[in-house]
Amino acid sequence: MARSTYKMSPLAYMEEGQKRRDAGEFVKPTDAEELYFAFIEYCKFMKDNYFSQAHKNKNGDDCSVYISRPMTIESFRLFAGINPVEYGELTGDPVAAAIGGTIEDAINSQQIEGALVGKYAASLIQVLQGRKTNVNLTGGITLEQITGMEVK
């Protein structure tokens with residue numbers, strides 16, 4: 001059976017965001033500019049944020065596969081320390097709405113490009129983007145583990 005180093009959870013996004021806010025890397029967004037800089041910090045965090053899964057290659061040797069996580073608006077909000085209501089109020093301002101739209105476009109683009117090159121299951125991305133209502137994943141990793149979203 002494959003063993004994974006996956007350790008992310010919604011709490012991990014919140015803790016990492018708080019740690020970076022405490023270090024002065026960004027502040028909890030209250031305007032368009034702060035929202036933009038919070039997203040830049042989230043992108044830096046996600047760039048180097050992956051997990052490995054140990055398995056045997058076709059020669060029977062142990063090896064690791066590195067799997068990155070798709071960005072989601074939910075994990076960004078957790079990282080930035082803002083809840084959905086605060087995000088909605090923040091993006092009610094025309095300038096912040098434009099930034100929020102750009103953030104959502106960037107997340108969707110990252111998800112689609114990841115699916116196109118085989119980093120992410122295309123069916124998972126379709127569910128995340130609301131294009132499909134269910135997903136059938138194979139292996140030992142659940143949708144909740146990958147996205148941090150509760151699955152019922």
Side-chain angles (χ1 to χ4, degrees), residues 2 4-53 64-152:
S4 173
T5 61
Y6 179 83
K7 292 183 174 71
M8 289 303 292
S9 70
L11 181 60
Y13 288 106
M14 294 163 48
E15 288 173 342
E16 182 65 26
Q18 186 63 53
K19 181 175 87 175
R20 291 178 185 224
R21 285 191 300 281
D22 290 346
E25 295 176 28
F26 74 100
V27 297
K28 180 176 176 175
T30 59
D31 63 25
E33 184 178 25
E34 291 170 352
L35 184 65
Y36 170 78
F37 285 115
F39 185 67
I40 296 299
E41 284 302 314
Y42 171 74
C43 290
K44 290 176 187 175
F45 170 65
M46 292 299 287
K47 177 182 171 191
D48 297 322
N49 193 6
Y50 55 85
F51 61 100
S52 64
Q53 192 165 29
S64 292
V65 174
Y66 294 95
I67 305 167
S68 61
R69 246 176 305 313
M71 292 180 175
T72 65
I73 194 68
E74 294 84 3
S75 65
F76 166 63
R77 287 193 310 247
L78 289 170
F79 179 86
I82 53 178
N83 65 45
V85 172
E86 291 171 321
Y87 184 78
E89 290 171 353
L90 182 59
T91 56
D93 168 68
V95 176
I99 298 290
T102 301
I103 288 169
E104 292 169 21
D105 289 347
I107 288 171
N108 286 335
S109 176
Q110 189 261 3
Q111 291 174 349
I112 290 169
E113 290 170 6
L116 288 173
V117 299
K119 282 175 67 174
Y120 313 133
S123 58
L124 169 64
I125 299 308
Q126 289 174 324
V127 169
L128 290 176
Q129 295 188 354
R131 301 168 198 264
K132 195 173 172 183
T133 57
N134 59 31
V135 64
N136 182 15
L137 294 174
T138 59
I141 301 171
T142 67
L143 178 65
E144 185 173 356
Q145 288 175 310
I146 293 171
T147 64
M149 298 181 339
E150 184 177 350
V151 179
K152 295 183 179 186

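All heavy atoms count here, side chains included; hydrogens, waters and symmetry mates do not.
- Atoms CD1 and SG, on Ile107 and Cys43 in that order, are 7.5 Å from each other to the nearest 0.5 Å.
- Here the CG atom belonging to Leu35 is positioned 5.0 Å from the CG atom belonging to Leu90, to the nearest 0.5 angstrom.
- Checked against the 6.0 Å centroid threshold, Phe79 and Tyr42 count as a close aromatic pair.
- Atom CD1 of Ile99 sits about 12.0 Å away from atom CD of Glu34, to the nearest 0.5 Å.
- Pro29 and Ala80 make their closest contact through CD-O, 3.5 Å (heavy atoms, listed as atom of the first residue, atom of the second, distance).
- Dense packing is recorded around CD of Glu104, with more than 12 heavy atoms of other residues, nucleotides or ligands lying under 6.0 Å away.
- Of the inter-residue distances, the one linking Arg20 atom CZ with Lys44 atom NZ reads 8.0 Å to the nearest 0.5 angstrom.
- Outside the 6.0 Å centre-distance limit, the rings of Phe26 and Phe39 are not counted as a close aromatic pair.
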Pair Ile73, Ile103 - check side chain to side chain contact (heavy atoms under 4.5 Å, CB included), show working. CA-CA 8 Å; Ile73 194 68; Ile103 288 169; 4.0 Å; yes

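- Once rounded to the nearest 0.5 Å, the distance linking OG1 of Thr72 with CD of Gln111 reads 7.0 Å.
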Side chain to side chain contact (heavy atoms under 4.5 Å, CB included) for Phe76 and Glu41? Distances and angles first, verdict last. CA-CA 10 Å; Phe76 166 63; Glu41 284 302 314; over 6 Å; no

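- The side-chain heavy atoms of Lys28 and Ile82, taken from C-beta on, include a pair separated by under 4.5 Å.
- In this structure, NZ in Lys47 is found 13.0 Å from CD in Gln110, a value given to the nearest 0.5 Å.
- A salt bridge is absent between Glu86 and Arg77: the closest approach of a Lys/Arg side-chain nitrogen to an acidic carboxylate oxygen does not fall below 4.0 angstrom.
- At least one donor-acceptor pair under 3.5 Å links the side chain of Thr102 to the backbone N or O of Ala98.
- The backbone N or O of Tyr87 lies less than 3.5 Å from a partner atom in the side chain of Thr91, making a donor-acceptor pair.
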